[in-house]
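Taking it in order: structure first as structure tokens, then the write-up.
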Amino acid sequence: MKSLRLNAALGLLVFLLMLPFAAPAQAKTATSVPTKTMATDPAAINLAHLDALGQDVTIGGKQMLIIHIYSEYPDYKWVDAAGEGIACVDDTARAAIVYLNDYQQTHNQQSLEKAKKALTFVMHMQASDGEFYNFIKSDFSINTDGPTSKKSFDWWAARAMWALGDGYSVLKDTDPAFAGTVKTSFLLANTALQRKINSQYGEYTSLHGYRVPAWIGGFDAMSNALLGLTDFYRSQPLDAVKDSMLKLGRGLSEYQFGSFTQYPFGAHLDWDGSPTLWHAYGSGQSFALANAGVLLNQKDWVRSAKQEMDQFFSHLLVTGMINQMGPTPDKNGQIAYGVNMLTQGFMAVYHATHEQKYAQYAGLAASWLTGNNDAHFAMYDPANGRGYDGLDGTTGKVNLNSGAESTIEALMALQAVHQSAAALNTVNAKAVERHTTSIYEAEAFTVSAGHPQIITPASNWTGDALYSGQIVQMSNNDQLKQEINVAHQEKYILSAALVKPHTLSGAITLKIGIDGHAVSTVQVPRSPDSDYLTLMGLGGPLSLSRGKHTLTVTLQTVANQSLVLDNIVLQPAKEYAVFKQPNGSLFTLARNLLKD
């Protein structure tokens, strides 16, 4: 169940007073990555690569700016999206926001003009009913039938609303005539949004026992629309805009589950087809809810955003960045898009609550870009403004391509960090110690009783979640054992990634032992609709001494019943990460999961 009110004792044990930045040491490069010439400030904002991805075009007699989609190492020339086109609303709308941010922060008139041309392209891609196409082809014609371009109110329409709403708020006073055109387009898009959400507004579906607002669909995508609505309403409070805000904000805030110790840990879920899968990319719900909540005095929305920051996003600062959690965290495929969502969420909650720790957390989130990541590589280069396309946390390999999305999202994150000295004081930090979650894969356990079967799934994708690899099917009286290594004497929380079955012929019970002593007995509940993979707690916190222990997992059920086990998670109740600043000073981010 979603926590109703949180008074989390979450925070920094020590945030030492920081000295002004010194130039950090060269970031460690991954295999085959060339040495880079770093600017003095690793977080300095440089729009050069974004500018290089842009192209001024004339379509239908109107001057526009398009942003080319891909740019590949080593020459970083434009590369099209095969079968889709050369540019899209998805990227150009976000580029408009970066240019608008730059104009507001630096008063750069060139950025303002680029933003207006980008917005002209966005409006060109709008259909008469308010929906949007996404891609244009090399001859500048609209791709009207591509699966990621066809007219709809999908991701690209939501991003268009964000850019148009932001554009109107900036241009209303600087260029009223152009702002009037933007306003007309924005309100037409709002009409399309209303058509999308009104048919099922107030209705719910049930999935695996979770209550899902039926009027949203793509919760991550619609957070972009709420951002645009908020920007517009701040400048012109129209009733039709407020109505959309209230409907979207209600849906986004309600699709959130868990607690500090219960999966999915206060995360806002992204897709109505899964209450167990969370991904970093596009998860802007807290960003949008905090902004809109302050403007409309919806305190529950701000609390909802704060809950995700306290329970989940701050946990990711301790563990290090992930790409997704479904329910096992996946460190591969990390991208700037996900990092920006964490950064923006923290900054929005900082602005909503005025609690400085959230600005500091935003800087830590963005430090992924300056080299605080699994590859120990700066994923943003201030010398040329490139945001690199991603890294794999298990191998440390870096994708040196620098497409529009990665560059734009990196710049957005850094623009947000530049709003606060507290955020800038942590953006160059590097983790030197982590005391956090350990995951033990079931297939690596040894068999101490029975005949459990190791299974290699045909696909890791279950339909709404992801296996972490191989799985183990356990039957009655099967027992697995695994040596675990405990770093500190304290309390630990045990969980299991397992499949809750829909059809049960008898009770399923897991017995957990430590060093030959029974420590907990838990019953696996039945799924109300279909089998599904999730993370389930295995009883109360355990007090473990430092050193090695033997963990046993025993299944007890009727003869014809089985259980699929993916992995066991050992989580310290008090987790922390220690970070080092370029000047050599250390600070600690600590979380106590049992104290609220």
Side-chain angles (χ1 to χ4, degrees), residues 1-6 8 10 155 158-159 162 197 204-205 207-208 210-227 229-230 245-294 296 298-317 321-327 329 337-350 352-353 358 361-362 365 464-465 534-535:
M1 297 294 292
K2 176 181 172 182
S3 300
L4 297 179
R5 186 176 297 271
L6 300 169
L10 164 69
W155 271 103
R159 288 193 177 114
W162 182 11
I197 63 179
Y204 294 84
T205 59
L207 182 59
H208 306 330
Y210 293 91
R211 194 168 182 248
V212 184
W215 63 94
I216 301 293
F219 292 78
D220 44 9
M222 290 303 105
S223 67
N224 290 263
L226 182 55
L227 287 165
L229 290 160
T230 302
M245 293 175 68
L246 291 171
K247 290 172 178 175
L248 286 184
R250 174 184 170 185
L252 297 184
S253 65
E254 290 181 1
Y255 197 42
Q256 178 184 30
F257 308 106
S259 66
F260 279 99
T261 58
Q262 181 183 359
Y263 190 82
F265 314 125
H268 289 105
L269 284 307
D270 299 301
W271 169 49
D272 61 1
S274 177
T276 58
L277 175 67
W278 175 88
H279 55 74
Y281 49 93
S283 290
Q285 292 92 312
S286 285
F287 177 20
L289 285 168
N291 285 348
V294 169
L296 296 185
Q298 295 287 327
K299 296 179 181 179
D300 285 348
W301 297 0
V302 176
R303 280 195 290 267
S304 176
K306 187 174 181 295
Q307 178 183 351
E308 186 171 48
M309 299 305 105
D310 289 345
Q311 294 179 351
F312 182 45
F313 280 16
S314 59
H315 172 62
L316 297 183
L317 298 182
M321 188 61 189
I322 65 173
N323 173 40
Q324 60 190 1
M325 175 179 67
Y337 191 5
V339 170
N340 184 36
M341 291 300 96
L342 266 68
T343 304
Q344 298 286 2
F346 281 125
M347 283 303 296
V349 172
Y350 163 65
T353 64
Y358 295 111
Y361 293 167
D464 62 2
T534 190
L535 190 71

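Start at 1 with the first residue, then count along the sequence.
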A side-chain contact here means heavy atoms from C-beta on lying under 4.5 Å apart; do F287 and T343 qualify?
no
All heavy atoms of A292 vs all of L226, minimum pair found to be CB-CD1, 4.0 Å
Distance check, rounded to the nearest 0.5 Å: S304 atom OG versus Q285 atom CD?
9.0 Å
Do E254 and Y204 have side-chain atoms, one donor and one acceptor, less than 3.5 Å apart?
yes
State, to 0.1 Å, how close Y255 and D272 come at their nearest heavy-atom pair, and which atoms those are.
OH-CA, 3.8 Å
From CZ (F219) to CG (L248), nearest 0.5 Å
10.0 Å
Compare every heavy atom of T276 with every heavy atom of D464, then report the nearest pair and how far apart it is.
O-OG1, 3.4 Å
Validation row: L535, M325 side chains within 4.5 angstrom (heavy atoms)
no
For M222 against A158, the heavy-atom pair lying closest together
CE-CB, 4.0 Å
Out of curiosity, F346 CZ to M309 CE, how far, rounded to the nearest 0.5 Å?
5.5 Å
For the residue pair Y337 / N323, report whether a side-chain donor-acceptor contact shorter than 3.5 Å exists.
no
Indicate yes or no: at least one non-hydrogen side-chain atom of S283 is less than 4.5 angstrom from one of D270.
yes
If you measure from CE on M245 to OG1 on T230, what distance do you get to the nearest 0.5 Å?
3.5 Å
Check whether any side-chain heavy atom of V349 lies under 4.5 Å from a side-chain heavy atom of Y361, and answer yes or no.
no
Between V302 and V294, the two heavy atoms sitting closest are CG2-N, 4.0 Å
Can you tell me how far the CG atom of L289 sits from the NZ atom of K306, to the nearest 0.5 Å?
15.0 Å
State the CG-CD distance between L342 and E308, to the nearest 0.5 angstrom.
8.0 Å
At their closest point, which heavy atom of F313 faces which heavy atom of M341, and how far apart are they?
CE2-O, 4.0 Å
Can you tell if the side chain of D310 reaches within under 4.5 Å of the side chain of Y358, non-hydrogen atoms only?
yes
Within the structure provided, determine whether L269 and P264 are in side-chain contact (heavy-atom separation under 4.5 Å).
yes
For residues W278 and F265, establish whether the separation of their ring centroids is below 6.0 Å.
no
Using side chain to side chain contact (heavy atoms under 4.5 Å, CB included), reason through H268 and L252 one step at a time and then give a plain yes or no.
CA-CA 7 Å; H268 289 105; L252 297 184; 5.6 Å; no
Assess the pair Y210 and F257: is the distance between their ring centroids shorter than 6.0 Å?
yes
Test of ring centre spacing under 6.0 Å for H279 and Y281
yes
